[in-house]
J.: 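Have a look at this one.
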Number of protein chains: 2
Amino acid sequence: MGNRHTSLKDLARELNVSISTVSRALRNHPDISPEMREKVKQLANLRKYSPNPLAMGLLKQETRMIGVIVPDLVTHFYASIISGIESLAKEKGYFILIASSNESAEKEKESIENLRKARVEGLLICLSQETTDTGHFENLLEQGIPLVFFDRVCLQGQIPTVTADNAEAAGKITRHFYEQGYRRIAFISGPEQLNISRERLAGYKAGLEACNLPVDPDLIERCNLSHDSARQAMSRLLKLPNPPDAVFGINDTVAFAVMKEIKEHGLRIPRDMGLVGFTDEFHATVVEPQLTSITHPTFEMGRKAAELFFDKIEKNAPPETIILQTKLVVRESSAKHSD
Amino acid sequence: MGNRHTSLKDLARELNVSISTVSRALRNHPDISPEMREKVKQLANLRKYSPNPLAMGLLKQETRMIGVIVPDLVTHFYASIISGIESLAKEKGYFILIASSNESAEKEKESIENLRKARVEGLLICLSQETTDTGHFENLLEQGIPLVFFDRVCLQGQIPTVTADNAEAAGKITRHFYEQGYRRIAFISGPEQLNISRERLAGYKAGLEACNLPVDPDLIERCNLSHDSARQAMSRLLKLPNPPDAVFGINDTVAFAVMKEIKEHGLRIPRDMGLVGFTDEFHATVVEPQLTSITHPTFEMGRKAAELFFDKIEKNAPPETIILQTKLVVRESSAKHSD
DNA sequence: TTCCGTTCCGCAAAGCTTTGCGCAAAGCTT
DNA sequence: AAGCTTTGCGCAAAGCTTTGCGGAACGGAA
């Protein structure tokens with residue numbers, strides 16, 4: 001193979017000194033004479049020595065790996081969050097192990113176990129859509145495993161979390177619709193157990209109230225966040241005797257699916273139907289009409305989540321709840337008055 | 001902390017037997033009596049014992065980790081490939097460590113070093129756009145580190161690779177344009193050092209020839225695969241005295257950027273300008289008009305790349321070159337005759 | 001010359017697992 | 001009853017690193 005890395009032992013043998021001497025020389029221990037130190041360092045460079053992280057891990061009882069679990073890997077939203085996590089992890093000399101739950105509570109549990117078996121030092125998790133039982137998280141807590149939730153969270157107060165200001169954002173959207181002249185504003189939400197569903201729904205209702213609009217249960221739809229399910233939800237809205245004139249979707253996927261359904265139904269956006277989504281920068285500008293949306297600070301969300309993790313393991317900081325502010329970026333899909 | 005995992009030693013102490021007995025009992029070694037085996041297994045279950053991968057790695061000289069380097073993390077294309085890699089890795093009990101080169105040759109090198117330091121057993125790489133020097137890859141080869149390239153490759157023959165059939169795909173696109181009645185077909189390519197640029201360019205030219213169209217150098221543009229650079233390339237094409245009536249972009253990002261530029265220029269797709277991209281399923285249907293495109297089998301590409309890696313480490317298979325067939329999916333953006 | 005203090009380095013343990021070998025006790029044969 | 005095999009388990013090494021402690025050699029001082 002030749003595949004073997006050079007070890008301290010190799011260097012020691014070649015220099016005819018003991019392993020401890022080599023180790024100390026490389027770490028600038030004062031017990032080692034300057035000449036010896038230089039000799040060792042030179043050879044180490046030549047042989048491209050780098051300490052074996054397995055041995056170090058065993059010794060120090062740390063793996064410098066953290067586990068990240070997201071509902072899926074292929075959505076830009078999560079990819080971007082992961083990117084943020086990775087940026088801080090890299091600075092700290094940590095690697096991240098990524099697993100996807102595929103929105104399944106079962107797979108989420110499985111991934112947690114796998115990552116634990118791999119000896120990650122902590123877990124950063126975005127809940128799967130299905131997750132209702134929080135027992136496995138409480139288990140982790142009891143075992144003292146650092147845990148951070150982002151975007152979709154639970155057990156707030158006990159566990160550090162970072163989310164967007166969902167209620168405020170949903171309120172912004174509703175008021176924006178109102179200002180643009182829309183009066184029957186619908187909301188396509190997600191599963192009730194998700195905090196993002198609940199918070200955005202609450203913000204939506206608060207927004208309606210602020211505008212003196214009634215809350216019409218007919219205008220509140222649910223879907224399971226899949227493309228098809230979102231289209232069906234929109235389809236139901238369109239079949240209403242008194243259909244909405246504006247709708248906002250709870251996330252990227254939903255917004256795009258809704259857009260398609262509206263178009264196929266022969267309605268024009270924004271003239272016949274206003275549309276606003278929750279998404280990150282990238283996708284919103286690709287579609288036509290460009291999507292007015294709440295832009296998530298995804299990269300920052302990831303980075304903050306990582307920060308919370310390191311705060312925990314470095315300073316044993318108490319669980320903090322970070323709420324990131326969002327921006328309503330007005331584009332074409334809600335500009336009723338501009339066309 | 002309590003954060004410690006139970007070890008064989010813990011089990012051994014609790015059962016008043018030796019560590020080796022515990023180890024053998026768990027591995028069903030015949031030397032151990034059935035009663036002892038059961039007793040050990042029960043306690044192991046109770047204490048949730050799982051072997052320490054660091055210790056195992058040290059012993060067996062394997063980490064069960066593989067490194068993956070992609071040009072970026074946030075593009076659906078790579079995310080989907082990674083998803084494919086992960087699916088096989090998971091089956092084989094391997095974890096993947098993901099790094100992004102950000103299209104920089106420097107960062108690519110850096111990532112390789114980092115992953116090597118982390119003791120990955122092999123590397124699956126999609127070249128950065130900048131990479132011209134292949135020295136560091138040859139180094140890996142000499143050291144006997146399993147290496148697989150996907151999508152953007154080099155050193156073919158020496159290293160296992162999996163790519164799309166780029167030339168054939170580009171030919172298909174060109175002929176499709178011709179059949180739709182387009183006659184001045186432009187191609188926006190990427191950096192010359194990338195095989196995907198060269199192969200698609202070759203296929204483009206061959207396609208023109210097959211249709212008895214001349215190869216006009218004016219119609220061949222290059223960009224650095226960024227959004228802005230692609231738009232500028234398209235802008236140059238539009239300013240030509242004799243501009244194209246169809247264009248195909250070398251990848252997702254380019255295709256979308258081109259689409260925007262065309263629209264902002266006041267041209268209609270597909271009537272005034274045909275457009276075809278190289279992309280995966282997801283994005284093509286989100287934009288309007290829906291994008292005719294060569295769909296990459298991204299997930300499969302990732303999975304195949306992982307297969308080649310395991311072939312190498314399990315059977316020491318010689319470097320294979322896998323070429324995946326693509327599909328031309330005709331949608332709206334090139335349907336000149338249907339509107 | 002003897003003793004003490006530096007200076008510089010090696011031994012060994014710990015962290016966890018697997019496995020070849022050795023060893024004791026029990027069971028069997030003659 | 002003596003000698004053999006089998007059964008069931010423990011010792012120790014190897015894989016790699018760090019670090020407390022012990023120790024040799026050498027210098028200087030008395």
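Numbered from 1 within each chain, the chains take letters A, B, ... in sequence-line order.
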J.: In this structure, how many angstroms lie between the P atom of C:dA14 and the NZ atom of B:K9, rounded?
T.: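 About 7 Å, once rounded to whole Å.
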J.: Taking CG from A:D10 and C1' from D:dG15, how many angstroms apart are they, rounded to a whole number?
T.: 12 Å
J.: Answer yes when B:R119 and B:E62 have at least one side-chain N-carboxylate O distance shorter than 4.0 Å, and no when they do not.
T.: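 Result for this pair is no, no salt bridge flagged.
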J.: For nucleotides 6-13 of chain C, read 5' to 3', which letter fits each nucleotide if B means a protein heavy atom sits under 4.0 Å from the base, S means only the sugar-phosphate is that close, and - means neither?
T.: --BBBBB-
J.: D:dC16 C1' sits how many Å from B:R119 CZ, rounded?
T.: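 Spelled out: CZ on B:R119 to C1' on D:dC16 is 9 Å.
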J.: Tell me the partner of D:dA25, counting only Watson-Crick (N1-N3 plus N6-O4 or O6-N4) or G-U wobble (N1-O2 and O6-N3) with both under 3.5 Å; none if nothing fits.
T.: C:dT6
J.: For B:K39, is the NZ atom crowded, meaning more than 12 foreign heavy atoms sit under 6.0 Å from it?
T.: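 12 or below, so no.
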J.: Whom does C:dA12 pair with, Watson-Crick or G-U wobble, provided both distances fall under 3.5 Å?
T.: D:dT19
J.: Map B:H29 and B:P51 onto DNA chain C by nearest heavy atom, then report which one ends up closer to the 5' terminus.
T.: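 Looking at DNA chain C, the more 5' nearest nucleotide goes with B:P51.
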J.: Please tell me if A:Q61 has a side-chain N or O lying less than 4.0 Å from either OP1 or OP2 of C:dA14.
T.: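 False: A:Q61 side-chain N/O out of range (4.0 Å or more) of C:dA14 OP1/OP2.
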J.: Please tell me if A:K60 has a side-chain N or O lying less than 4.0 Å from either OP1 or OP2 of D:dT18.
T.: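 For A:K60, the contact criterion (side-chain N or O under 4.0 Å from OP1 or OP2 of D:dT18) is not met.
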J.: What is the separation between atom CG on B:L26 and atom P on D:dC9, rounded to the nearest whole Å?
T.: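 B:L26 atom CG is separated from D:dC9 atom P by 13 Å.
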J.: Using a cut-off of 4.0 Å on non-hydrogen atoms, how would the nucleic acid contact of A:S23 be classed: base, sugar-phosphate, or nothing?
T.: base
J.: Whole-Å distance between C:dC16 P and B:Y49 OH?
T.: 10 Å
J.: Find the distance A:L58:CG to C:dT18:C1' and express it as a whole number of Å.
T.: 13 Å
J.: Going by atom types alone, do B:S100 and B:N102 pair a side-chain donor with an acceptor below 3.5 Å?
T.: yes
J.: Tell me: CG of B:L8 to C1' of C:dT19, nearest whole Å?
T.: 13 Å
J.: Could you tell me whether A:Q156 atom CD has more than 12 heavy atoms of other residues or ligands within 6.0 Å of it?
T.: yes
J.: Of all heavy-atom pairs between A:E108 and A:H136, which one has the smallest distance, and what is that distance?
T.: OE2-NE2, 3.5 Å
J.: Starting from C1' on D:dG15, measure out to CZ on A:R13 and report it in whole angstrom.
T.: 13 Å
J.: Within the 3.5 Å criterion, strictly below it, is a donor on A:E91 or A:S87 matched to an acceptor on the partner's side chain?
T.: no
J.: Any side-chain donor paired with an acceptor under 3.5 Å for B:T21 and B:S18?
T.: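 Distance-only check passes for B:T21 and B:S18.
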